[in-house]
Structure formats: structure tokens, C-alpha cells
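The structure appears below as C-alpha cells.
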Amino acid sequence: DVKVTQSSRYLVKRTGEKVFLECVQDMDHENMFWYRQDPGLGLRLIYFSYDVKMKEKGDIPEGYSVSREKKERFSLILESASTNQTSMYLCASTNRGGRSEQYFGPGTRLTVT
Amino acid sequence: GESVGLHLPTLSVQEGDNSIINCAYSNSASDYFIWYKQESGKGPQFIIDIRSNMDKRQGQRVTVLLNKTVKHLSLQIAATQPGDSAVYFCAENSGGSNYKLTFGKGTLLTVNP
């Protein structure tokens, strides 16, 4: 069974803290994605990576950075957390060949106080 | 920019009835579409996909219909069960090599016993 795991299900951080969200997939997928999900706004793409050490900005990259040092792991970094970054964060992965669905992790509910 | 939208944000049906969830897309270049199901507290789960060279595709109790003329996508669930209660998203891939998906905002399906 394919699997995407995220380091935390729930996280509470203070404004100004540096926050790391980790995602690991065991499917040897080339592409990995970070989304945030907010009520009424759906899923919005923050960053994605199509190979190790490669990254591209999504639709809402401001306030975020990413790191992909190994193929199976994709990290999302909030350099200085703000209250408007309180959200559900979802990681996904997909292989490179052809059109195919993205496999999602369970999500991390981040609250910034 | 291009977007994917849903006609109905909520849908309530009786157990055993058929459900139809609709989605409009605006990017005529999109060539691949996916339906996801998201249960409360979980990440989106793949249901079924369809490529633009098809009009219809069937899975187990689900059927996806694609009408490219009016840029409309629908998901039909036969004999809806309480376990089908969830938020359903459509997503489109508008081409390119990065496999980015654009998601609709979702429809909440509630199945009444």
C-alpha cells in the first residue's frame, strides 16, 4: 500500500517561531507537493519539487520555504510563523510518468498563536 | 487565472439514493481530471480519474462523466451509503510536465440514514 506520512497531526506554535513540517513517501515518487487547505478556499499549492534539490513556487509561496535533500522527504519551513498561517497543511506525491493521481498524507493541523 | 469550481457546496441525500456531484472547469487545455474524497480529519483520497479523450468512466459504485463542450465534470455515486459522507473535490491537470493539479473548493455530501 502506498503511503505518505507527515510528522505531526497537530501542532501549536507561537508567532515568530520557525516551524518545520516533514513529509515522507515510500513510493519512490519524483514529484512532491505542499498544500494548505482553508475553509472556502480549497487546496492551494505552496511549493512543489520534481526532483531532489529541485523546487518550484506554487500559488502562495510567500512566508514559506522548502527543502528536498532526499527523494523520499520533502520539508516545508515557516521561517517566522504568523497567525495567518494557521491552517491544515497537506503533503502529496506522484510519479513522473504520465498523468496520475497525487497521493496525500493525513495532514498537519497547524495553529499559530 | 484558470480555476475549477463546484456548482453546489453541500448535498444531502438519503441512504440508498444516487448522488451527483458537479464540477465546472474553465481551462480548455486541461486533459486529465480527478475526483477525490476527503473524510473529516483525513487527507484527500483518490476515487476515480478520467482523461480528456473519454466521456465516461466507471468504477465501483462511481461514474465520472466529462462534457468537454460545456467544460463540466460530474461524479455519480450509486446507492449512496453513510460511509460516503465526506467532502468531494474535483481537480484538473492543465498540462505541462510538472503534474500540478488545480482543485475545486469541494462539495460536502451528507448521507442520511
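Numbers restart at 1 for each chain; the letters A, B, ... are given by sequence-line order, proteins then strands.
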Report which part of A:R9 has an atom under 4.5 Å of a heavy atom belonging to chain B: side chain, backbone, both, or neither.
side chain
Say whether, by atom type as modelled, one donor and one acceptor occur between the side chain of A:Y103 and the main chain of B:Q45 under 3.5 angstrom.
no
Using the rule that Ile, Leu, Val, Met, Phe, Trp and Tyr join whenever any side-chain heavy atoms are under 4.5 Å apart, tell me whether A:V19 and A:I77 fall into a single cluster.
no
Kindly write out the residues that satisfy side-chain contact (heavy atoms from CB on, under 4.5 Å) with A:S80, not counting sequence neighbours, or none if the list is empty.
none
Spatial distance of atom OH (A:Y35) from atom CG (B:L101) [nearest 0.5 Å]:
5.0 Å
Under 4.5 Å from any heavy atom of chain A, what part of B:I34 do you find: side chain, backbone, both or neither?
side chain
Is it the case that the side chain of B:Y32 and the backbone of A:E101 share a donor-acceptor pair, with hydrogens and angles ignored and the cut-off at 3.5 Å?
yes
Heavy-atom closest pair, residues A:Q37 and B:F89:
NE2-CZ, 3.2 Å
Interatomic distance, CG@A:D38 vs NZ@B:K105, rounded to 0.5 Å, equals 11.5 Å
May I ask whether B:I47 and B:L11 are part of the same hydrophobic cluster, defined by side-chain heavy atoms of I, L, V, M, F, W, Y residues being less than 4.5 angstrom apart, directly or through others?
yes
A:M88 with A:F48, same ILVMFWY side-chain cluster at under 4.5 Å
yes
In terms of hydrophobic clustering (I, L, V, M, F, W, Y; side-chain heavy atoms under 4.5 Å; direct or indirect links), are A:F74 and A:F33 co-clustered?
no
Between A:L90 and B:Q38, is any pair of side-chain heavy atoms under 4.5 Å apart?
yes
Let me know if A:L45 has heavy atoms under 4.5 Å from chain B in its side chain, its backbone, both or neither.
side chain
Please state whether the side chain, the backbone, both or neither of A:Q6 comes within less than 4.5 Å of a heavy atom of chain B.
neither
Proximity of A:F104 and B:F46 rings by center, below 6.0 Å:
no
I'd like to know if the side chain of A:R44 reaches the main chain of B:F103, judged simply by a donor and an acceptor atom lying under 3.5 Å from each other, with no hydrogens or angles considered.
no
If you tally heavy-atom pairs under 4.5 Å against chain A, which of B:G41, B:G43, B:P44 wins?
B:P44
With hydrophobic residues grouped by side-chain heavy-atom distances under 4.5 Å, do A:V112 and A:L21 end up in a single group?
yes
ring-ring contact (aromatic ring centres under 6.0 Å, His included) involving A:Y47 - partner list, sequence neighbours excluded
none
Drop me the distance from A:D59's CG to B:T102's OG1, to the nearest 0.5 angstrom.
7.0 Å
